[in-house]
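As the structure lists them, so they are numbered: ligands from 1, and atoms in each ligand from 1.
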Amino acid sequence: SELVVSFGEMLIDFVPTMAGVSLAEAPAFLKAPGGAPANVAIAVARLGGGAAFVGKLGDDEFGRMLAAILRDNGVDDGGVVFDAGARTALAFVTLRADGEREFMFYRNPSADMLLAAAELNVELIKRAAVFHYGSISLIAEPCRSAHLRAMEIAKEAGALLSYDPNLREALWPSREEARTKILSIWDQADIVKVSEVELEFLTGIDSVEDDVVMKLWRPTMKLFLVTLGDQGCKYYARDFRGAVPSYKVQQVDTTGAGDAFIGALLRKIVQDPSSLQDQKKLEEAIKFANACGAITTTKKGAIPSLPSEVEVLQLMGSA
Ligand code: ATP
C-alpha cells in the first residue's frame, strides 16, 4: 500500500485579520483549520497520494467542519472519532511585529486529548505504509496511551514510523518534561524530522553542525532530517548524508511549511521505499519536499497553500 496514516491533533487556529499585531491588539480573527498531523495528511492527499487521519474531534460545529475538510481534501476520515463531552481544540495564534509567534490554546481538555486506545481504528492503522505522528499527543492521557498503542500496531503491521515532534512549549508542564517525553519515543521512529529550533531545544546547542545533529542520530533510524527554512534541509541516513538547498520564493506566511515538507517526502517514500537506501533518489525526493515546503510559504495559512504535484514540479522545473 502507499497509504500514509497521520495521527494526532486537528484543531482550529484563530489568526488575526491584520498582520503584525499581538493577540490583545487583534481586532478580529479568521478561523484556519490546522494541527500539524492533519496538515500532513492533507499535504499527502493534495499531491495525489492516499492519506488518512486518526484523531478525536469535538462533537460540535467545529469538529464536524474539520472532518468535512478532511473528506473534501480526499483524506480518509475513518479514523476520526467524536467526543460528546469535550470541544474541538482552539488555538489563537499571531505573528507579532517583532517576529515572535504568540500562541494561546483552549484545551481544557479538548477532544483530541481524550482519544482512548480502545477507540483506535486498528484496521485502518494496519493498512499504513507510513504511520506519522507528532509529540502533542504525548502530553496527556488517555491520548498518550492511544498514541503509543497506535505506534505499536503500525510497527507490527510493517509500517515505517515517521516522527515530527512539532514542539509547542506552551502546551507542556515544563521544558524538561517536553524534552524527556519527546525523546522517550525517539528510538522507535524510522524517519525523524526536526526544525532548527527543535534541534537546539533537544540538544541545548545552537548549531546545525553535523556533530550536534549526530547527538540525536540513532542507529535505529533510516533517515533524520533537519529543516532550515529558506536554506532547505540537511539529511542523515545510515550510509550517507548531505544538504539540499530549497527553491527561491516570495515568502508570505511559513505556517505549514514543515508539514508540507514532510508530507511531500513521505509521499515520495511510499511511492519508492528504496529512496531511503539510494542517495540519488533520496536527494530527488528531498528536492520535491523542499519545493512543496517553499510553495506553502507563498500564501497565507497552511491548508489553502498546500500545492498539487503539478505545482511542485513546475517550481522544480523553473529553477
Ligand atoms: P513551520 O513550523 O513554520 O511549519 P518548520 O520550522 O517546521 O515550519 P521550516 O524549516 O521553516 O520548517 O520549513 C520546512 C521546509 O520548507 C524547509 O526545509 C524548506 O525546504 C521549505 N521552506 C520553508 N521556508 C522557505 C522559504 N522561505 N523559501 C524556500 N523554502 C522554504
Contact check: [X] vs ligand 1, nitrogen or oxygen atoms, below 3.5 angstrom:
{"X": "Thr254", "value": "yes"}
{"X": "Ala289", "value": "no"}
{"X": "Ala257", "value": "yes"}
{"X": "Gln251", "value": "yes"}
{"X": "Gly232", "value": "yes"}

Short side-chain donor-acceptor distance under 3.5 Å, Gln314 and Ser318: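 No pair is found: no donor N or O on one side chain lies under 3.5 Å from an acceptor on the other.
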Side-chain donor-acceptor pair present, Arg46, Ser305, cut-off under 3.5 Å: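 No, because no side-chain N or O of Arg46 sits under 3.5 Å from a partner of the opposite role on Ser305.
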Would you mind listing which atoms of ligand 1 come within a distance below 4.0 Å of any non-hydrogen atom of [X]?
{"X": "Asn290", "value": "18 (O), 19 (C), 20 (O), 21 (C)"}
{"X": "Ser195", "value": "6 (O)"}
{"X": "Ser246", "value": "19 (C), 20 (O), 29 (C), 30 (N), 31 (C)"}
{"X": "Gly256", "value": "4 (O)"}
{"X": "Gly293", "value": "16 (O), 21 (C)"}
{"X": "Leu228", "value": "10 (O), 18 (O)"}
{"X": "Thr297", "value": "23 (C), 24 (N), 25 (C)"}

Phe288 six-ring face occupied by Lys268 cation (under 6.0 Å, within 45°):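 Yes, Lys268 lies over the aromatic ring of Phe288.
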Cationic tip of Arg179 above Phe201 ring, under 6.0 Å, 45° of axis: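 Because its charged atom sits under 6.0 Å from the ring centre and within 45° of the axis, Arg179 does stack over Phe201.
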Any protein heavy atom nearer than 4.0 Å to atom 2 (O) of ligand 1: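 So atom 2 (O) of ligand 1 lacks protein heavy-atom neighbours under 4.0 Å.
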Validation row, ring centre Tyr235 to ring centre Phe224 under 6.0 Å: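 No.
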Check: Ile191 and Leu161 side chains under 4.5 Å, non-hydrogen atoms: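 Not in contact.
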Flag side-chain contact, heavy atom, 4.5 Å: Phe7 against Leu115: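 Yes, close enough: below the 4.5 Å cut-off.
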His147: which of Tyr133, Phe131, Tyr163 passes ring pair (Phe, Tyr, Trp, His ring centres under 6.0 Å):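 For His147, the ring pair (Phe, Tyr, Trp, His ring centres under 6.0 Å) check succeeds only for Tyr133.
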Closest to atom 17 (C) of ligand 1 (judged by heavy-atom distance), picking from Ala294, Ala302, Gly229: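 Considering heavy atoms of Ala294, Ala302, Gly229, the nearest to atom 17 (C) of ligand 1 sits in Gly229.
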Sub-4.0 Å heavy-atom contact, Lys193 with ligand 1: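 Yes, Lys193 has heavy atoms under 4.0 Å from ligand 1.
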Test salt bridge (charged side-chain N to carboxylate O under 4.0 Å, His left out) applied to Arg218 and Asp187, step by step: CA-CA 7 Å; Arg218 299 287 183 279; Asp187 296 356; 3.0 Å; yes
